[in-house]
Amino acid sequence: LLLTHAYNRRVIEVRPPTRAELGPVSKLAAQLVRMHHAIDPKRFMQIEPIEPGYERFLAHEMEGGAVVLAAFVDGAVAGYAYGRVEPRDWNALREECGALHDIYVDERFRRGGVARAILAEFLARIGSDRVVLMSAWSNVEAQAFFESMGFRKTMVEMTRG
Ligand SMILES: CC(C)(COP(=O)(O)OP(=O)(O)OC[C@H]1O[C@@H](n2cnc3c(N)ncnc32)[C@H](O)[C@@H]1OP(=O)(O)O)[C@@H](O)C(=O)NCCC(=O)NCCS
């Protein structure tokens, strides 16, 4: 399945990345890790270098059935998402559902509908009507984006130390 959308009259292509394309995808994944570490270095770990391990991790996850999607604009990787179906979790009181773990759009491509295109394709592929995600408390921009896509706020994580 291939999704195309208009972005400033350019085409956004959303599809699973090839193994070779996981290189540029992992660069964006590393930015997502560094962004969280900058928000709260005590809570969000950052173990450099991030890219090589993330690339191997995503390849392994794809082999295991996870949904990994990349958005391409003019042949460049503009953003990506990663998630998978998670089983029933009694601690979280959460039935089996889709979990969106990562979504990130390169700063140069933001506010052009790239994340909307990626998330729409993710929701079509994940195979579950319920999808849960976590967002850093202060990341109000991402929360506005998720709310625009039909997500509601359901949990608050608190950290001491
Ligand atoms: C959140 C993020 C993925 C949005 O990507 P994007 O491609 O710019 O989003 P889109 O252009 O598809 O936005 C779709 C809608 O979401 C909302 N939205 C997106 N960014 C927003 C922002 N900064 N402030 C308020 N609303 C926003 C708007 O309703 C927007 O529609 P509009 O542009 O027509 O008003 C991007 O800002 C990002 O990568 N942030 C850093 C990583 C991150 O926070 N990831 C999520 C946490 S895991």
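In listed order, ligands and their atoms are each counted from 1.
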Nearest to atom 29 (O) of ligand 1, what protein heavy atom do you find, and at what distance?
S148 CB, 3.7 Å
Decide whether the shortest distance between a heavy atom of S135 and an atom of ligand 1 is less than 4.0 Å.
no
In terms of residue, atom name and distance, what is the protein heavy atom nearest to atom 3 (C) of ligand 1?
A115 CB, 3.8 Å
Could you check whether E48 and H37, counting side-chain N and O atoms only, form a donor-acceptor pair closer than 3.5 Å?
no
With atoms numbered from 1 as shown, which atoms in ligand 1 lie under 4.0 angstrom from a non-hydrogen atom of G112?
11 (O)
Run the numbers for me: atoms of ligand 1, each under 4.0 Å from some heavy atom of G113, listed by number.
10 (P), 11 (O), 12 (O)
Give a yes or no on whether F72 and F109 share a hydrophobic cluster (residues Ile, Leu, Val, Met, Phe, Trp, Tyr; joining criterion: side-chain heavy atoms under 4.5 Å apart).
no
Would you call L32 a ligand 1 contact, heavy-atom distance under 4.0 Å?
yes
Any ion pair linking R15 and E13 (charged N to carboxylate O, less than 4.0 Å)?
yes
Y104 heavy atoms, cut-off 4.0 Å: which ligand 1 atoms fall inside?
39 (O), 41 (C), 42 (C)
Has R110 got its NZ or CZ under 6.0 Å from the middle of the six-membered ring of Y104, at an angle within 45 degrees of the ring axis?
yes
Taking only heavy atoms of N139 into account, list the atoms of ligand 1 that are under 4.0 Å away from them.
43 (C), 44 (O), 47 (C)
Is the side chain of R94 donor-acceptor paired with the backbone N or O of P87 at a distance under 3.5 Å, no angle test?
yes
Side-chain (S26) to main-chain (A29) donor-acceptor, under 3.5 angstrom:
no
Compute whether any side-chain donor of one residue and acceptor of the other, for S135 and Q143, lie under 3.5 angstrom apart.
yes
Considering heavy atoms of the protein only, find what lies nearest to atom 46 (C) of ligand 1 and give residue, atom and distance to 0.1 Å.
I103 O, 3.6 Å
Donor-acceptor pair between D102 and Y54 side chains, under 3.5 angstrom
yes
Checking heavy-atom distances from atom 36 (C) of ligand 1 to each of R110, M134, Q31, E107, the winner is R110
Would F109 count as being in polar contact with ligand 1, using the rule that some N or O on each side must be under 3.5 angstrom apart?
no
Are the side chain of E61 and the backbone of L58 linked by a donor-acceptor contact shorter than 3.5 Å?
no
Give me the nearest non-hydrogen protein atom to atom 39 (O) of ligand 1 as residue plus atom name, then the distance to 0.1 Å.
V105 N, 2.8 Å
Lys/Arg-Asp/Glu bridge criterion (N-O < 4.0 Å) met for R43, E157:
yes
Quick check on contacts: which atoms of ligand 1 are under 4.0 angstrom from a heavy atom of A144?
25 (C), 26 (N)
For atom 1 (C) of ligand 1, which protein heavy atom lies nearest, and how many Å away is it?
A142 CA, 3.8 Å
To which protein heavy atom is atom 17 (C) of ligand 1 closest, and what is the distance rounded to 0.1 Å?
F145 CA, 3.6 Å
Flag the pair F57 / Y82 as yes when their ring centroid distance falls below 6.0 Å, and as no otherwise.
yes
Heavy-atom nearest neighbour in the protein, as seen from atom 31 (O) of ligand 1, with distance rounded to 0.1 Å:
R116 NH2, 2.8 Å
Relative to ligand 1, is M149 under 4.0 angstrom through side chain, backbone, both or neither, heavy atoms considered?
neither
Please write down residue, atom name and distance for the protein heavy atom closest to atom 20 (N) of ligand 1.
R111 CD, 3.4 Å
